[in-house]
Amino acid sequence: MKTATSAFLAILPLLFTAPVAAATEAYTEQRQPCTDHRPLKQPFFGDLHVHTRYSLDASTQGTRTTPEQAYQFARGAELPIQPWTEAGEGMRALQLRRPLDFAMVSDHAELIGEVAMCNNPELEGHNAWQCLVYRHWPRAAFYLFNYMSAIEASHLGLCGEDDALCLAAARGPWGEMQAAAEDYYDRSADCEFTTFVGYEWTGGEPDSGGNLHRNVVFRNAEVPALPISFIDGPAAVQLWGSLDSQCNSAQGACDSLVIPHNANLSAGYMYSGREDDGAPMSVEYARLRRQFEPLAEIMQHKGASECYYQAGVTQDELCAFEQQPVDNISGFDNPPRPDTGFLRRVLADGLQLQRELGVNPYQQGFVASTDTHLGAPGAAEEDRFLGHGGAGVPAAREIPPGLPDKLEYNPGGLAVLWAEENSRDALFRAMRRREAYGTSGPRIVTRFFAGWDYPGDLCQQADRVERAYAGGVPMGGELSVPPAEDTGPSFLVVAQQDAGTADSPGMPLQRIQIVKAWVDREGESHQQVLDVAGSADNGASVDLDTCEPRGEGHAQLCGVWRDDDFDASQPAYYYSRVVENPSCRWSQRLCLAAGVDCDEPDSVPDDYANCCSAEHLPTIQERAWTSPIWYTPPAGES
């Protein structure tokens with residue numbers, strides 16, 4: 001079998017073109033054109049969900065990482081993390097094996113002023129009782145402050161009349177976030193690293209504990225004076241409306257989009273099929289949601305949101321991947337259900353809503369990220385996982401005994417954008433058109449196209465990508481009307497395994513699948529999962545005693561699939577899922593390192609009891625999910 005590096009070099013013509021001279025690019029800000037500009041696009045790996053010291057949940061768990069340090073880490077620097085010695089040195093450290101191409105610090109908008117006040121003695125309100133709780137009983141502050149902001153949609157009592165003190169205090173960290181993004185954005189022709197200014201809008205549904213969180217991404221350095229928070233307007237439609245009035249429709253170059261995350265923990269409220277107040281969805285609401293939310297975060301630290309799995313009930317066993325045991329973010333013991341926020345179901349609901357409203361509010365592509373609360377963007381490697389903080393295991397005072405995070409949590413994933421160059425404008429356009437995908441951590445490279453007349457031998461053509469663009473649409477696109485009544489769409493899907501590094505080779509691929517979902521004339525939703533390249537029966541496995549992989553896999557895969565069962569009267573969507581061979585999960589690696597032997601229960605330390613629990617899944621199959629491609633019948637035909 002070829003090495004990962006040689007295979008990667010061999011497949012370069014298949015995935016994207018060679019560099020060409022810098023082309024004229026439509027920039028919304030001053031910068032030099034990128035030397036490496038490729039009209040057929042190239043993949044850029046990054047993280048759009050990163051918390052630093054200015055997020056309440058991170059700071060109350062001992063995180064001291066600044067936005068500047070977060071970007072340094074993304075570019076390859078070592079990052080000290082909690083717990084801290086009396087001299088202020090981190091007792092642990094993290095470092096990426098490979099730097100990222102882009103990142104965004106996304107601290108919580110809510111309470112950013114209160115956190116600043118409680119940490120800065122020069123700010124009025126520093127000695128309020130709420131800040132005393134924050135400094136002396138941080139876990140109590142974590143629950144109290146979060147309850148007030150995410151459930152009551154309110155600032156705390158230390159903010160003064162009209163919350164003026166807290167709003168004024170928020171300008172400091174918001175300015176620092178912008179300054180760090182500016183300092184680490186490579187505006188030179190090298191285009192080595194891109195930053196985005198952004199933040200997280202953080203709210204919840206009080207009765208169910210459902211998560212409604214969203215990340216806001218700004219196209220350039222022109223942003224509102226303060227981040228728009230859940231406290232400012234406790235409904236997503238209010239966020240979109242405020243962004244529209246203060247940014248997208250305002251004078252100047254300000255532009256923004258919104259990425260919801262952890263739909264798997266939304267108890268069904270993030271995608272209820274109705275408006276935020278429970279009213280039937282209007283056309284205006286659907287249009288605003290589609291405009292502002294072109295992407296959804298399919299994978300992160302707190303689980304995967306692709307699809308629901310229940311043994312004996314659903315057939316796609318790969319849906320069990322990193323599925324959380326509950327349907328909410330507030331700790332209520334309610335198990336997940338098919339309708340509690342899984343995106344495969346959500347996208348099908350969008351097809352039905354488009355029939356009713358004429359617009360699909362859930363026409364979203366996919367990205368992934370980490371949701372790190374250590375200020376460590378891209379720290380998604382299984383063998384270096386130290387927990388991500390936030391809702392996980394705290395480590396402010398000591399290194400956690402046993403596993404460093406909750407068993408059900410994971411290192412998170414990465415966002416990948418297909419763009420001509422590594423500039424803010426090019427990457428933002430990729431997000432807007434949904435030419436994006438997510439991985440569960442590995443740097444898998446994949447492309448997905450659909451058209452009406454792709455030849456069966458397209459994989460063997462040297463100019464396959466150019467022909468795929470010319471004759472169809474990439475991931476995130478919409479198919480046109482079929483040229484003939486009996487014509488079904490064909491799909492080109494290509495994948496390259498993570499090339500890895502010298503000390504950590506990438507894992508071979510097992511297979512590529514295409515997921516198809518459609519709505520029939522009676523309004524019933526259907527789905528199929530088809531293997532189109534590779535095979536589940538390749539004999540690959542992993543030795544659980546050593547975590548050494550066994551068996552063969554593929555350095556690269558390519559397939560052309562035609563939908564012979566296509567019905568032009570039925571709305572449908574398709575996406576591809578690239579699956580690696582089995583490997584050890586982070587928890588299994590740490591259980592082995594601790595010498596845990598589950599065959600001798602009396603020898604297992606209490607701190608490592610989870611290693612032997614029924615809930616512990618020692619193996620995983622890392623993966624990538626492409627954004628879907630949609631087909632909509634002409635008006636009046638569905």
Side-chain angles (χ1 to χ4, degrees), residues 36 44-55 58-59 61-85 87-107 173 175-188 190-199 221 300-301 368-390 395-396 399 404-405 411-417 422-424 427 439 441-443 498-504 586:
D36 187 2
F44 296 102
F45 291 82
D47 191 345
L48 295 167
H49 197 164
V50 178
H51 296 278
T52 73
R53 64 189 300 175
Y54 293 119
S55 289
S59 69
Q61 292 197 28
T63 294
R64 299 182 183 179
T65 309
T66 65
E68 179 182 31
Q69 289 175 305
Y71 291 129
Q72 290 171 347
F73 176 82
R75 299 202 66 174
E78 185 177 83
L79 177 71
I81 61 171
Q82 64 267 41
W84 307 93
T85 67
E89 297 177 349
M91 296 173 64
R92 302 180 297 171
L94 287 168
Q95 188 170 23
L96 296 177
R97 288 188 171 96
R98 292 167 286 182
L100 296 178
D101 298 311
F102 66 91
M104 181 181 82
V105 169
S106 58
D107 281 313
E176 186 177 332
M177 291 162 66
Q178 294 174 65
E182 178 60 34
D183 289 345
Y184 286 88
Y185 178 36
D186 184 0
R187 292 179 182 267
S188 77
D190 295 335
C191 297
E192 291 184 349
F193 186 67
T194 293
T195 62
F196 288 99
V197 180
Y199 66 91
Q300 61 116 273
H301 172 47
S369 285
T370 61
D371 190 18
T372 176
H373 284 66
L374 302 176
E381 297 166 306
E382 297 285 327
D383 66 341
R384 294 189 172 189
F385 186 48
L386 297 179
H388 271 312
I399 295 176
D405 211 344
L414 296 175
V416 195
L417 304 175
N422 191 10
S423 65
R424 282 176 176 167
L427 296 181
T439 86
R443 301 196 186 189
D498 183 347
T501 60
D503 70 320
S504 181
W586 68 270

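All values reported here derive from a predicted model rather than from experimental measurement.
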Which atoms form the tightest heavy-atom contact between [X] and [Y], and what is the distance?
| X | Y | value |
| --- | --- | --- |
| Ala74 | Ala103 | CB-CB, 4.2 Å |
| Leu94 | Ala376 | CD1-CB, 4.0 Å |
| Ile399 | Pro83 | N-CG, 3.5 Å |
| Pro67 | Met177 | CG-CG, 4.0 Å |

For the backbone of [Y] and the side chain of [X], can you confirm whether one donor and one acceptor N or O come within less than 3.5 Å of each other?
| X | Y | value |
| --- | --- | --- |
| Glu381 | Gly441 | no |
| Asp371 | His301 | no |
| Thr194 | Asn422 | yes |
| Thr65 | Leu374 | yes |
| Thr195 | Tyr184 | no |
| Gln178 | Val197 | no |
| His388 | Asp405 | no |
| Thr85 | Glu89 | yes |
| Ser369 | Leu48 | yes |

[X] versus [Y]: any side-chain heavy-atom pair under 4.5 Å?
| X | Y | answer |
| --- | --- | --- |
| Ser423 | Arg187 | no |
| Tyr71 | Asp183 | no |
| Phe102 | Leu417 | yes |
| Arg384 | Leu96 | no |
| Glu382 | Pro411 | yes |
| Arg64 | Gln69 | no |

Output the distance between atom [atom1] ([X]) and atom [atom2] ([Y]), rounded to the nearest 0.5 Å.
| X | Y | atom1 | atom2 | answer |
| --- | --- | --- | --- | --- |
| Thr52 | Glu176 | OG1 | CD | 7.5 Å |
| Ile81 | Phe73 | CD1 | CZ | 8.5 Å |
| Asp101 | Leu427 | CG | CG | 8.5 Å |
| Thr439 | Leu414 | OG1 | CG | 4.5 Å |
| Asp498 | Phe45 | CG | CZ | 7.5 Å |
| Leu100 | Arg98 | CG | CZ | 10.0 Å |

What I want to find out is whether Asp383 reaches Arg97 closely enough, with some N-O distance under 4.0 Å, to be called a salt bridge.
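Counted as a salt bridge, because a side-chain N and a carboxylate O are separated by less than 4.0 Å.
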
Among Gln82, Arg53, His51, side-chain hydrogen bond (donor to acceptor under 3.5 Å, both in side chains) partner for Thr63:
Gln82

Fit a plane to each ring of Phe385 and Trp586, take the angle between them on a 0 to 90° scale, and name the class: parallel (under 30°), tilted (30 to 60°) or perpendicular (over 60°).
perpendicular

Is it possible for you to check whether Arg424 lies under 6.0 Å from the centre of the six-membered ring of Tyr185, through NZ or CZ, and within 45° of that ring's axis?
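That pair qualifies as a cation-pi contact.
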
